[in-house]
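Notes follow the structure.
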2 protein chains.
Amino acid sequence: MGVLADTIIQGDCIEELKKLPAKSVDLVFADPPYNLQLGGDLLRPDNSKVDAVDDHWDQFESFAAYDKFTREWLGECHRVLKDDGALWVIGSYHNIFRVGSALQDLGFWLLNDIVWRKTNPMPNFKGTRFTNAHETLIWAAKGRGSRRYTFNYDAMKMANDDVQMRSDWTFPLCTGEERLKDENGAKAHPTQKPEALLHRVILASTKPGDIILDPFFGTGTTGAAAKRLGRRYIGLEQDEKYVALARERISKIIPIAPGDLQVTGSKKAEPRVPFGQVLEAGLLSPGDALYCPKGERMARVRADGSLVVGELSGSIHKVGAMVQSAPACNGWTYWHFKSDKGLAPIDVLRAKIRSAMPSA
Amino acid sequence: MGVLADTIIQGDCIEELKKLPAKSVDLVFADPPYNLQLGGDLLRPDNSKVDAVDDHWDQFESFAAYDKFTREWLGECHRVLKDDGALWVIGSYHNIFRVGSALQDLGFWLLNDIVWRKTNPMPNFKGTRFTNAHETLIWAAKGRGSRRYTFNYDAMKMANDDVQMRSDWTFPLCTGEERLKDENGAKAHPTQKPEALLHRVILASTKPGDIILDPFFGTGTTGAAAKRLGRRYIGLEQDEKYVALARERISKIIPIAPGDLQVTGSKKAEPRVPFGQVLEAGLLSPGDALYCPKGERMARVRADGSLVVGELSGSIHKVGAMVQSAPACNGWTYWHFKSDKGLAPIDVLRAKIRSAMPSA
DNA sequence: TGTACTAATGAATCTGGAT
DNA sequence: TATCCAGATTCATTAGTAC
């Protein structure tokens, strides 16, 4: 094989990459610095301070400096990959466009971009943008000609209730028990990824026994998932504290018996449909009238999905409660629209939208 | 205004962009071609075919050509945008990384990347990759300093059942009735976007009357949504067949009545009421006592609208922050007065004054 | 032992108008 | 352009504490 596996190498990512033999690893998974360009402190509405990622390793002088760094480590990864190997990188809008362009320029062949939808992202506290609720992964083969990359299509389909796995994946953040803590009980690493994410990546794109290289190993999520799934790993990490934490963490992992690589089925909840989507879908229009069940009260719909009754305005639920002087109200069943057959609850419009939604 | 609106200009995108005056449009929405390495043939942006597609140099050359094209039209959009303007681009993994990098290099300031999750994507027929079930939009302000881009935060929150709108949006593809057909009943345009997507983009990031420029107008989805929502549009399109289709399509759109265009406004936009005005209106008197939410702390009101607590004095906000040792405080919600029904925030007094004000 | 409430927190490019 | 300051702003989840 020529390359030692199941090891963590402490040192500079690019220097250590250069020491690895060419065409020796099956998969690269990389979680590089995102080059966040943060302003000052950020306070929550309760005045508590957000614990920002302000580590020195995330600071770059310019896009040019970040690009140079990116092309260096990606270039070495290209060299180190077997011809039928592949690579994953995760990032956010701050860096993923630089990374994606670099991959294309270096001859990698993009297979998919994957969206990790976070179930519990941090909100946008100041109300200035959309909640940044996802990160992006890029999956790329070594080159255009390399059609022989590994993709366990059936395992993915099986894991997704027998329909093809899509390019949007939904996982919670890494919190609670899973999140490694330091001696003070604070998070040990600022950007630890959930093992479930790595589980899916590895299950999708490697075979048992494959060698997975992670050049930004951190506290070793890639190694933990690899060992659990019967794959081998090589981790590069600069910070000796993280190396020690990763070693201890991975030592406790008990690999799954080869026959037991079972995947938890995804629970289907009824997808939430905001009322605004009924307007966006054109099932109602701004200015349309809605009525209470008996038809005597009327409200008018606005373009953002709010209702107006006289001086009152707000969500379908809030306005429904107010006109009845009730503490609460289910607007979906209270408000009715005029159809051919008389008044019908707007809930039937929601049902229409749901019937067109993906099962995942 | 200096720029003609509600028009479609037939011609080359970049040439026609150059004719538009600087700082004249509020928003750009662009759906540029991503005919990059699709299928067997590799096409340059000018539709000339790249010969030796396996040749790495040619591959690079095609990226370079695409980048050049991208930077040209984006550069012109930057010039044409008002300083408080913003831009949206939609793309897939084939081109979005090139576009995102170009935006950053040209000085645009990225605000969000948005994922359009398709409810009904085309499956991956060969089972070789994940179902490509999303496209990516980038939302960017003209520059880092330009904080005054339009974001109708409250309207978005309202449209999403009173929780912040996230960066992942779910819409079906444009099919059925909405999809324009040619004389043979085939789809008239290969990549027609759903109007619901444009509805959300426009509602989120423009005001009524704003001018929206779409340099790749196609069959005019941007114009249709803009007209419906009481915004103005400028469309650039090379293909006269598309121009004709778009004109006919948009002519049939009935704009929403201006009164129905109003959406939930932000509190920031409400008229400022100095606390002293509450005293001038006689709703409180000098010497009255105000209390913190739980009632244990007390402050006294002075005739000029300042508060006094022991040795401390200052504005309602400053004193509120000081007594809590907090970095900041909204005095309107922190301080309470004694009413018949117990403690009530002084914000209700502000509301009384606002409701008596002329509706501007 | 359960239930109810409070506190903490996560890769975040996070205010804006007047002077 | 820099400074000042009014005042607007959060969702899902876990862990801990009180009753």
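Note on naming: letters A, B, ... go to the chains in the order of the sequence lines (proteins, then strands), and numbering restarts at 1 for each one. Values below: all heavy atoms of this structure, side chains included; hydrogens, waters and symmetry mates excluded.
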Whole-Å distance separating the [atom1] atom of [X] from the [atom2] atom of [N]:
{"X": "A:Asn47", "N": "D:dT10", "atom1": "CG", "atom2": "P", "answer": "14 Å"}
{"X": "A:Arg44", "N": "C:dA8", "atom1": "CZ", "atom2": "C1'", "answer": "8 Å"}
{"X": "B:Trp139", "N": "C:dC14", "atom1": "CH2", "atom2": "P", "answer": "13 Å"}
{"X": "A:Tyr34", "N": "C:dA12", "atom1": "OH", "atom2": "C1'", "answer": "13 Å"}
{"X": "A:Phe130", "N": "C:dA12", "atom1": "CZ", "atom2": "C1'", "answer": "16 Å"}
{"X": "B:Arg166", "N": "C:dA12", "atom1": "CZ", "atom2": "P", "answer": "14 Å"}
{"X": "A:Lys49", "N": "C:dA8", "atom1": "NZ", "atom2": "P", "answer": "15 Å"}
{"X": "A:Phe171", "N": "C:dG10", "atom1": "CZ", "atom2": "P", "answer": "21 Å"}

Nearest of [options] to any side-chain atom of [X]?
{"X": "A:His94", "options": "D:dC11, C:dA12, C:dG10", "value": "C:dA12"}
{"X": "A:Thr175", "options": "C:dA12, D:dA12, D:dT14", "value": "D:dT14"}
{"X": "A:Thr119", "options": "C:dA11, D:dG7, D:dT13", "value": "D:dT13"}
{"X": "B:Gln164", "options": "D:dT10, C:dA11, C:dT13", "value": "D:dT10"}
{"X": "A:Thr128", "options": "C:dG10, C:dA11, C:dT15", "value": "C:dT15"}
{"X": "B:Arg354", "options": "D:dT10, D:dA8, C:dA12", "value": "D:dA8"}
{"X": "A:Ser48", "options": "C:dT13, C:dT9, D:dG7", "value": "C:dT9"}
{"X": "B:Lys267", "options": "C:dG10, D:dT9, C:dA11", "value": "D:dT9"}
{"X": "A:Met122", "options": "C:dG10, C:dT15, D:dC5", "value": "C:dG10"}

Would you say [X] and [Y] make side-chain contact, with heavy atoms under 4.5 Å?
{"X": "B:Arg302", "Y": "B:Pro286", "answer": "no"}
{"X": "A:Tyr233", "Y": "A:Leu213", "answer": "no"}
{"X": "A:Val99", "Y": "A:Leu103", "answer": "yes"}

With sugar-phosphate meaning primed atoms plus P, OP1 and OP2, does [X] contact a base, only sugar-phosphate, or nothing at under 4.0 Å between heavy atoms?
{"X": "A:Gly40", "result": "base"}
{"X": "A:Pro194", "result": "nothing"}
{"X": "A:Val50", "result": "base"}
{"X": "A:Pro121", "result": "base"}
{"X": "B:Asp347", "result": "nothing"}

Does a side-chain N or O from [X] land closer than 4.0 Å to OP1 or OP2 of [N], or not?
{"X": "B:Arg272", "N": "C:dA18", "value": "no"}
{"X": "B:Tyr153", "N": "D:dT10", "value": "yes"}
{"X": "B:Arg350", "N": "D:dA6", "value": "no"}
{"X": "A:Arg179", "N": "C:dA11", "value": "yes"}
{"X": "A:Asn132", "N": "C:dT13", "value": "yes"}
{"X": "A:Lys187", "N": "C:dG10", "value": "yes"}
{"X": "B:His317", "N": "D:dG7", "value": "yes"}
{"X": "A:Tyr93", "N": "C:dT13", "value": "yes"}
{"X": "B:Lys157", "N": "D:dT10", "value": "yes"}
{"X": "B:Asn330", "N": "D:dA8", "value": "yes"}

In whole Å, what separates the [atom1] atom of [N] from that of [M]?
{"N": "D:dA18", "M": "C:dT1", "atom1": "C1'", "answer": "14 Å"}
{"N": "D:dT10", "M": "C:dA8", "atom1": "C1'", "answer": "13 Å"}
{"N": "C:dA18", "M": "D:dA8", "atom1": "P", "answer": "15 Å"}
{"N": "D:dT13", "M": "C:dT13", "atom1": "C1'", "answer": "25 Å"}
{"N": "C:dT19", "M": "D:dG7", "atom1": "P", "answer": "14 Å"}

Residues from residues 291-315 of chain B lying under 4.0 Å of DNA chain C - heavy atoms: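 Contacts with DNA chain C under 4.0 Å: none.
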Pi-cation contact, A:Trp169 with A:Arg117 (under 6.0 Å, within 45°):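 No, A:Arg117 does not sit over the ring of A:Trp169.
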Distance under 6.0 Å and angle within 45° of ring axis: B:Arg166 vs A:Phe130: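 No - B:Arg166 does not lie over the ring of A:Phe130 by the 6.0 Å and 45° rule.
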For B:Trp88, the option from B:Tyr149, B:Trp139, B:Phe29 that meets ring pair (Phe, Tyr, Trp, His ring centres under 6.0 Å):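 The single option meeting the ring pair (Phe, Tyr, Trp, His ring centres under 6.0 Å) with B:Trp88 is B:Trp139.
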Taking atom [atom1] of [X] as the centre, report whether more than 12 heavy atoms of other residues, nucleotides or ligands fall under 6.0 Å from it.
{"X": "A:Lys187", "atom1": "NZ", "value": "yes"}
{"X": "A:Glu177", "atom1": "CD", "value": "no"}
{"X": "A:Lys181", "atom1": "NZ", "value": "yes"}

Near-parallel close stack of A:Phe125 and C:dC14 base (under 5.5 Å, under 30°):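 It does not: the ring fails the test against the base of C:dC14.
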A:Gly127 vs A:Asp58, nearer the 5' end of DNA chain C by closest nucleotide: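 Upstream on the strand: A:Asp58.
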5'-most by nearest nucleotide on DNA chain C - B:Leu111 or A:Asp46: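 It is A:Asp46, whose closest nucleotide lies nearer the 5' terminus.
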Pairing string, 5' to 3', for DNA chain D - Watson-Crick or wobble contacts under 3.5 Å, brackets [ ] where pairs cross, | to another strand: .|||||....|||||||||
Glycosidic conformation of C:dT13, taking syn as within 90° of 0 and anti otherwise: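 C:dT13: syn.
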B:Phe337 ring center within less than 6.0 Å of B:Tyr291 ring center: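 Here the rings of B:Phe337 and B:Tyr291 have centres that are no less than 6.0 Å from each other.
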From OG1 (A:Thr191) to CG (A:Asp58), nearest 0.5 Å: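 Going from the OG1 atom of A:Thr191 to the CG atom of A:Asp58 covers 8.5 Å.
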Residue closer to the 5' end of DNA chain D, A:Thr131 versus B:Trp332 (nearest nucleotide):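 Its nearest nucleotide being more 5', the pick is B:Trp332.
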Stepwise side-chain hydrogen bond (donor to acceptor under 3.5 Å, both in side chains) check, B:Asp26 with B:Thr206: CA-CA 7 Å; B:Asp26 298 288; B:Thr206 63; over 6 Å; no
Carboxylate-amine/guanidinium proximity below 4.0 Å for A:Lys193 and A:Asp31: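 The answer is yes: the pair qualifies as a salt bridge.
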Under-4.0 Å salt bridge between B:Asp288 and B:Arg300: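 A salt bridge is absent here (no side-chain N lies under 4.0 Å from a carboxylate O).
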